[in-house]
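Have a look at the structure below before the remarks.
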Amino acid sequence: MTESATIVTQDAAIKQLNDRLAELKTKSEIAVTDQTSFIKAAEVKVELESYVRAVEHHFEPQLAPAEETVAKLKLQMSNLLAPAKQWLKGVIDRRKKWAEEERRRAEAEERRINEERRIAAEKKAAEERKERERQAEEDRKKREKEIAAARRAGELGARESEKLKREAREAEQRERERAAADAILASNPAPVTVQANIPTVAGSVNRRNWKFEVVDASKLPREYMIPDLVGIGEYVRRRQNKDAELFIPGIRVWSE
């Protein structure tokens with residue numbers, strides 16, 4: 001058979017399949033409303049299954065040589081790619097290892113600098129707090145002397161004198177509290193960031209791939225829990241009725 005004859009035959013076969021497909025489209029839209037249409041739908045089902053087999057029978061012999069060619073090409077491609085991919089992975093792994101070590105050095109330096117800053121700030125804050133507390137105590141004592149002098153001079157009565165002394169003590173206490181609060185703030189300076197010295201290369205991305213593993217599933221938040229859909233499906237199919245909803249709250253069971 002010549003090539004042109006083969007093409008004609010192929011085109012004719014495809015046309016027949018297309019024509020058959022058009023016929024089946026209308027039949028496949030059958031509405032199942034009673035026993036008669038139920039039986040008719042079974043006939044349509046058989047026709048559709050027969051059509052599927054006919055299409056597969058038509059194309060499978062033509063696909064076999066193509067699949068063999070594809071397999072050979074894939075083998076040749078694999079032989080050429082496998083060593084290159086292995087070398088590529090080695091280069092990537094070594095670059096990642098160096099970059100990660102560089103990042104860790106930068107992070108260690110960052111921690112060292114921030115710890116030094118924290119210690120220095122804490123020491124300075126403690127000294128400033130001590131000085132403010134000393135000054136507050138001195139101001140209170142000075143005020144008490146003034147009040148005592150005014151009391152001896154008859155400028156203040158006993159009640160007013162005690163009131164002014166209490167106010168002086170309260171002022172000292174407020175200043176001590178402010179000094180303590182300011183010391184806490186001053187002891188925590190804004191952290192500095194040390195950037196890793198990793199050069200930027202065009203066409204190459206230096207990115208860290210963060211990974212994780214679950215060490216205690218019982219502590220995971222609910223939004224990160226994945227339902228066991230396989231297990232639920234097996235249980236529902238085994239029960240074959242809606243009783244499964246009673247034993248597994250949160251699901252809806254139906255059949256098709």
Side-chain angles (χ1 to χ4, degrees), residues 96-200 205-229 231-232 245-252:
K96 283 185 176 180
K97 181 179 179 181
W98 181 87
E100 187 61 23
E101 290 174 352
E102 187 65 21
R103 291 189 184 97
R104 288 175 181 171
R105 284 193 290 269
E107 289 169 352
E109 179 66 6
E110 182 177 297
R111 287 192 296 270
R112 184 191 67 78
I113 293 174
N114 284 321
E115 181 63 12
E116 286 184 354
R117 283 164 52 82
R118 184 194 65 78
I119 292 173
E122 194 173 73
K123 181 180 179 181
K124 181 180 179 182
E127 292 172 351
E128 291 178 349
R129 176 183 178 180
K130 184 177 180 180
E131 174 59 23
R132 288 176 63 178
E133 288 177 343
R134 186 198 64 77
Q135 186 63 49
E137 182 180 5
E138 185 176 307
D139 291 346
R140 188 257 306 164
K141 289 180 178 179
K142 179 180 179 181
R143 180 59 178 154
E144 286 178 342
K145 288 181 180 179
E146 293 173 349
I147 295 170
R151 177 82 175 86
R152 287 193 299 272
E155 298 173 358
L156 294 174
R159 181 176 298 179
E160 187 176 3
S161 175
E162 287 302 318
K163 177 184 177 183
L164 293 175
K165 288 180 180 180
R166 185 176 65 255
E167 290 176 350
R169 290 192 297 271
E170 291 174 350
E172 178 188 6
Q173 182 59 31
R174 286 194 299 272
E175 178 58 17
R176 286 179 176 274
E177 292 173 354
R178 284 194 293 267
D182 291 344
I184 293 175
L185 293 176
S187 298
N188 294 280
V192 299
T193 301
V194 177
Q195 296 292 339
N197 188 21
I198 301 175
T200 300
V205 179
N206 297 317
R207 179 170 49 235
R208 298 175 98 172
N209 296 320
W210 295 99
K211 299 182 180 180
F212 74 95
E213 64 176 344
V214 177
V215 295
D216 189 347
S218 66
K219 295 181 180 180
L220 289 174
R222 180 177 176 82
E223 60 266 28
Y224 296 106
M225 297 290 189
I226 300 177
D228 183 4
L229 301 180
I232 294 173
E245 294 181 356
L246 301 177
F247 293 95
I248 308 179
I251 68 170
R252 180 177 68 89

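Along the sequence shown, residues are numbered consecutively beginning with 1. All heavy atoms count here, side chains included; hydrogens, waters and symmetry mates do not.
Salt bridge Glu131/Arg134: present, at least one basic N to carboxylate O contact under 4.0 Å. Using a 4.0 Å cut-off between charged nitrogen and carboxylate oxygen, Arg103 and Glu100 count as a salt-bridge pair. Ion pairing between Lys141 and Glu144 fails under the 4.0 Å rule for side-chain N and carboxylate O. Note on Arg169 versus Glu172: no salt bridge recorded, every NZ/NE/NH1/NH2 to OD/OE distance being 4.0 Å or above.
The closest side-chain heavy-atom distance from Glu146 to Lys142 is below 4.5 Å. Counting only heavy atoms from C-beta outward, the side chains of Glu170 and Gln173 never approach each other to under 4.5 Å. Counting heavy atoms from C-beta on, the side chains of Lys123 and Ile119 never come closer than 4.5 Å.
Taking CD of Glu133 as the reference point, atom CD of Glu177 lies at 10.5 Å (rounded to 0.5 Å). Atom CD in Glu167 sits 8.0 Å away from atom CZ in Arg143 (nearest 0.5 Å). In this structure, CZ on Arg111 lies 14.5 Å from CZ on Arg118, to the nearest 0.5 angstrom. In this structure, CD1 in Ile147 is found 11.5 Å from NZ in Lys163, a value given to the nearest 0.5 Å. In this structure, NZ in Lys130 is found 15.5 Å from CZ in Arg132, a value given to the nearest 0.5 Å. The distance from atom CG of Asp182 to atom CZ of Arg129, rounded to the nearest 0.5 Å, is 10.5 Å.
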After noting the C-alpha distance and the side-chain angles of Leu220 and Met225, does the key distance pass the side-chain contact (heavy atoms from CB on, under 4.5 Å) rule? CA-CA 7 Å; Leu220 289 174; Met225 297 290 189; 3.7 Å; yes
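What you find for Ala121 and Ala186 is that their closest heavy atoms are CB-O, 3.2 Å. Nearest approach of Ala168 to Arg140, heavy atoms of both residues: O-CG, 3.6 Å. Closest heavy-atom contact between Gly231 and Asp228: N-OD1, 3.0 Å. Of all heavy-atom pairs spanning Glu102 and Ile198, the tightest one is CG-CG1, 3.9 Å. Of all heavy-atom pairs between Lys96 and Asn209, the closest is NZ-ND2, 3.5 Å. Contact between Ile113 and Val192 at its shortest, heavy atoms only, is CG2-CG2, 3.6 Å.
Of the possible donor and acceptor atoms, none in the side chain of Arg151 sits under 3.5 Å from a partner among the backbone N and O of Glu162.
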